[in-house]
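Below: the structure, in structure tokens.
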Number of protein chains: 2
Amino acid sequence: MAKRQRRGSQRVTMGEVARLADVSPSTVSLYLRRPDEVSAHRAEQIQSAIDRLGYLPNVMAGGLASSRSRVIGVLVPTVTNSFFSETLETLERHLRDAGYQLLIGNTEFDEAREEELVRSILSWNPAGLVLTGFGHSRKTHALLSQSATPVVEMWDYGQPGLDMVVGFSHHACGRLIAEHLLAQGRRRTAFVSTHFQRDVRAQNRYHGFRDTVEAAGGTVVLQQLSGRSHAEETGRLTGELLEAHPEIEAIACSNDMVALGVLFECQRQGLAIPARVAVAGFGNLDFTASTVPPLTTIEPPRHEIGRRTARLLLDSLTRRIDGDARRLDLGVRLVVRESA
Amino acid sequence: MAKRQRRGSQRVTMGEVARLADVSPSTVSLYLRRPDEVSAHRAEQIQSAIDRLGYLPNVMAGGLASSRSRVIGVLVPTVTNSFFSETLETLERHLRDAGYQLLIGNTEFDEAREEELVRSILSWNPAGLVLTGFGHSRKTHALLSQSATPVVEMWDYGQPGLDMVVGFSHHACGRLIAEHLLAQGRRRTAFVSTHFQRDVRAQNRYHGFRDTVEAAGGTVVLQQLSGRSHAEETGRLTGELLEAHPEIEAIACSNDMVALGVLFECQRQGLAIPARVAVAGFGNLDFTASTVPPLTTIEPPRHEIGRRTARLLLDSLTRRIDGDARRLDLGVRLVVRESA
DNA sequence: CACGTAAATCGTAGCGCTACGATTTCGGTC
DNA sequence: GACCGAAATCGTAGCGCTACGATTTACGTG
């Protein structure tokens with residue numbers, strides 16, 4: 001086991017490296033920040049001193065001195081949701097490759113918590129901030145606008161936003177599904193969803209769906225789960241739904257996990273999919289291609305959001321981005337399989 | 001939009017708060033660090049100055065001065081995996097409540113990448129570090145042992161470890177499943193798994209399974225997916241497996257996602273579960289209770305790992321933890337449903 | 001080979017805060 | 001009201017680094 005040294009044991013300092021390399025600390029600092037501005041000879045000396053001493057720069061000291069940090073804060077509702085975690089992973093890779101560290105926080109769908117997290121992240125003097133969606137408290141708005149930190153709101157599109165926006169329209173997703181079902185002549189529909197309080201984006205998809213179906217003279221029964229998509233509850237609610245509304249011929253789900261629950265419930269009840277009732281999801285999760293029957297769903301650009309968010313943020317750090325380029329609608333794709 | 005101020009616009013400083021509150025900066029600092037050591041009167045003055053100015057402490061300055069930071073680094077293979085992300089969420093909540101920020105990194109199952117991440121996190125002088133599992137490069141070992149940072153290795157148990165350990169035995173998981181299947185008289189088995197290179201823990205579960213089955217005179221056919229659990233490939237490989245080994249009467253899967261793929265493939269082939277072939281998973285993911293038939297699986301202590309890791313780490317920061325208390329085996333629970 | 005210019009290197013002054021010893025304030029006592 | 005100990009407050013000296021102007025070095029030129 002590591003033997004405990006004195007508290008806060010800051011290892012080797014830049015000065016020690018400088019002494020060993022027989023240069024001034026400034027030169028070491030310069031070498032680390034802009035290696036091509038020191039001569040090849042010194043570079044070699046310095047690097048070997050660094051290696052020999054196992055020097056690690058002290059980020060806090062550097063950050064304090066330069067009053068900026070290679071930190072980017074990212075707030076998602078929950079890393080537990082595979083949509084966000086996949087975006088997060090891509091985002092992390094791209095930002096880290098550019099030399100940034102991610103400070104991640106789970107807002108847990110709570111604006112007050114988000115505000116606290118924003119506060120705590122701003123304490124780091126972050127180079128940028130990534131938030132999920134448009135829902136923020138007044139105070140959060142105030143904090144952000146007085147801090148001058150570049151901000152990207154991701155995973156949504158269609159509102160003005162604080163600064164930069166990378167996402168897609170959830171309303172359009174709902175419309176897309178609705179149009180697909182209507183084209184099959186299905187007008188009696190239901191929308192089974194996680195609770196809107198836990199997911200405003202699901203609510204937007206619902207609105208897009210409902211507006212489109214109703215505009216075509218169809219009906220929509222909304223069934224909301226009490227919390228996050230819990231398979232058991234999904235099954236039960238679907239059962240109740242179909243009993244109360246036997247006329248329903250299509251079920252749109254707020255996401256693929258809900259759709260999976262619906263699928264299994266239909267199996268249990270012996271309802272043929274899509275003959276008796278069509279089922280559609282959202283997310284194009286890995287398993288959807290091989291359910292029985294394969295699930296019709298929507299592919300959101302989860303990785304593309306991460307990639308473009310990283311790029312936009314990094315770009316905004318080096319040059320002025322204006323107008324249109326600050327807002328990206330990445331769109332979605334309907335994946336038609338057999339279930340609808 | 002926020003108007004850009006001068007670069008690195010550090011907002012209000014502690015000195016400004018002090019001036020407005022008519023006390024010295026030291027008193028403000030003291031108030032922030034140990035509020036009960038300043039008089040009620042001053043406390044009130046200071047707090048109101050803080051509120052009025054919207055003061056946010058500068059973490060970098062504080063960290064530099066005290067040469068410690070309220071940062072804890074966490075490295076997981078990928079946040080995309082729901083096991084890790086759930087642990088992460090719990091860990092985050094607990095550590096944040098204790099005033100710590102998480103610096104998260106995805107190792108992507110790559111020791112070299114992990115080493116880089118460890119290096120980058122050590123630059124922050126973290127109060128602690130959480131790693132996943134026991135597999136680390138030599139250099140990582142060296143870095144950690146010379147840094148004196150408390151380290152918890154989580155999600156595994158049964159090896160000495162670097163410092164502290166919170167997890168459970170994957171070998172035991174495999175054994176548990178095997179014993180359950182053997183008790184039903186099933187001796188011709190298969191193990192369908194994500195690729196071991198992406199998941200040593202799956203390999204350990206396999207070893208536990210195989211050892212137990214073989215010790216009872218049974219057989220195990222191993223089928224490894226090429227990468228992460230991809231449902232389509234799972235279906236295909238399961239098909240091939242059952243064709244090549246029609247005698248197989250039980251399939252253990254490295255996780256529930258794989259099991260889901262197997263389930264659907266059996267449905268497609270019209271094989272009755274569990275009559276013709278039993279299927280068991282690992283993870284007790286949300287959907288497993290309502291598949292058709294419901295899936296027998298193992299419940300790993302995903303949240304408990306987060307909770308206990310947080311507690312152990314925090315405890316180790318305030319007092320000496322010794323011997324036994326540094327290594328926690330949280331165990332697992334077999335969840336018997338209908339599929340096996 | 002003195003000179004000029006550009007490239008390389010260096011010295012200094014903080015960045016905003018904390019640690020800690022020094023100083024002041026506050027009640028209570030005699 | 002002078003005196004005391006404890007509590008509250010303050011002043012100072014950095015933490016390790018970066019920014020930037022000052023200085024030195026290198027190198028080609030007349």
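So that the names make sense, note that chain A is the first sequence line, chain B the second, and so on, each numbered from 1. All values below were derived from every heavy atom in this structure, side-chain atoms included, with hydrogens, water molecules and symmetry-related copies excluded.
- Distance check, rounded to the nearest 0.5 Å: CD of A:E115 to CG of A:D110 gives 10.0 Å.
- For A:S66, no side-chain nitrogen or oxygen approaches OP1 or OP2 of D:dC17 to under 4.0 Å.
- Nearest to the side-chain atoms of A:V38 among the listed nucleotides D:dT9, D:dG16, C:dT9 stands C:dT9.
- For A:R113, the CZ atom is densely surrounded, since the number of other residues' heavy atoms within 6.0 Å is greater than 12.
- Protein atom CG of A:N125 is 13 Å distant from nucleotide atom C1' of C:dC17, rounded to whole Å.
- Between the CG atom of B:L30 and the P atom of D:dG11 there is a distance of 14 Å, given to the nearest Å.
- When rounded to the nearest whole Å, the span between CH2 of A:W124 and C1' of C:dG16 equals 14 Å.
- A side-chain donor-acceptor contact under 3.5 Å links A:E89 and B:T78.
- Minimum atom distance to the side chain of A:S39 is reached by C:dT9, of the listed D:dA8, C:dG16, C:dT9.
- Per the geometry, CG belonging to B:L64 stands 18 Å off P belonging to D:dA13, to the nearest Å.
- Residue-level contact check: A:Y55 touches the backbone only, with heavy atoms under 4.0 Å from sugar-phosphate atoms and none from bases.
- An OP1 or OP2 oxygen of D:dT9 is reached within less than 4.0 angstrom by a side-chain nitrogen or oxygen of B:R42.
- In this model, the phosphate group of C:dG11 is not approached by any side-chain N or O of A:S24 to a distance below 4.0 Å at OP1 or OP2.
- Atom CZ in A:R70 sits roughly 17 Å away from atom P in D:dC17 (whole-Å rounding).
- Checking D:dC15, D:dG16, C:dA19 against every side-chain atom of B:A65, the shortest atom distance belongs to D:dC15.
- Look at CG on B:L56: it is 15 Å from C1' on C:dC17, rounded to the nearest Å.
- A donor-acceptor contact closer than 3.5 angstrom links the side chains of B:Q101 and A:S120.
- For C:dC17, the OP1/OP2 oxygens have no side-chain nitrogen or oxygen of B:S29 closer than 4.0 Å.
- From A:I50, atom CD1 reaches atom CD of A:Q47 across 4.5 Å, with rounding to the nearest 0.5 Å.
- One N or O donor and one acceptor, one from the side chain of A:S26 and one from the base of C:dG11, sit under 3.5 Å apart.
- Between the C1' atom of C:dT18 and the CE atom of A:M60 lies a distance of 13 Å, rounded to the nearest Å.
- Map B:A61 and B:D36 each onto its nearest nucleotide of DNA chain D; the residue landing nearer the 5' end is B:D36.
- Closest non-hydrogen pair, B:L88 versus B:V76, comes out as CD1-CG1, 4.4 Å.
- Residue A:R68 places at least one side-chain N or O closer than 4.0 Å to OP1 or OP2 of D:dA19.
- Here the nucleotide nearest the side chain of A:M14, chosen from D:dT18, C:dG16, C:dC10, is D:dT18.
- Rounded to an integer number of Å, the gap from B:Y31 OH to C:dT18 P is 14 Å.
- Contact annotation: A:R33 side-chain N/O to D:dA19 OP1/OP2 distance is under 4.0 Å.
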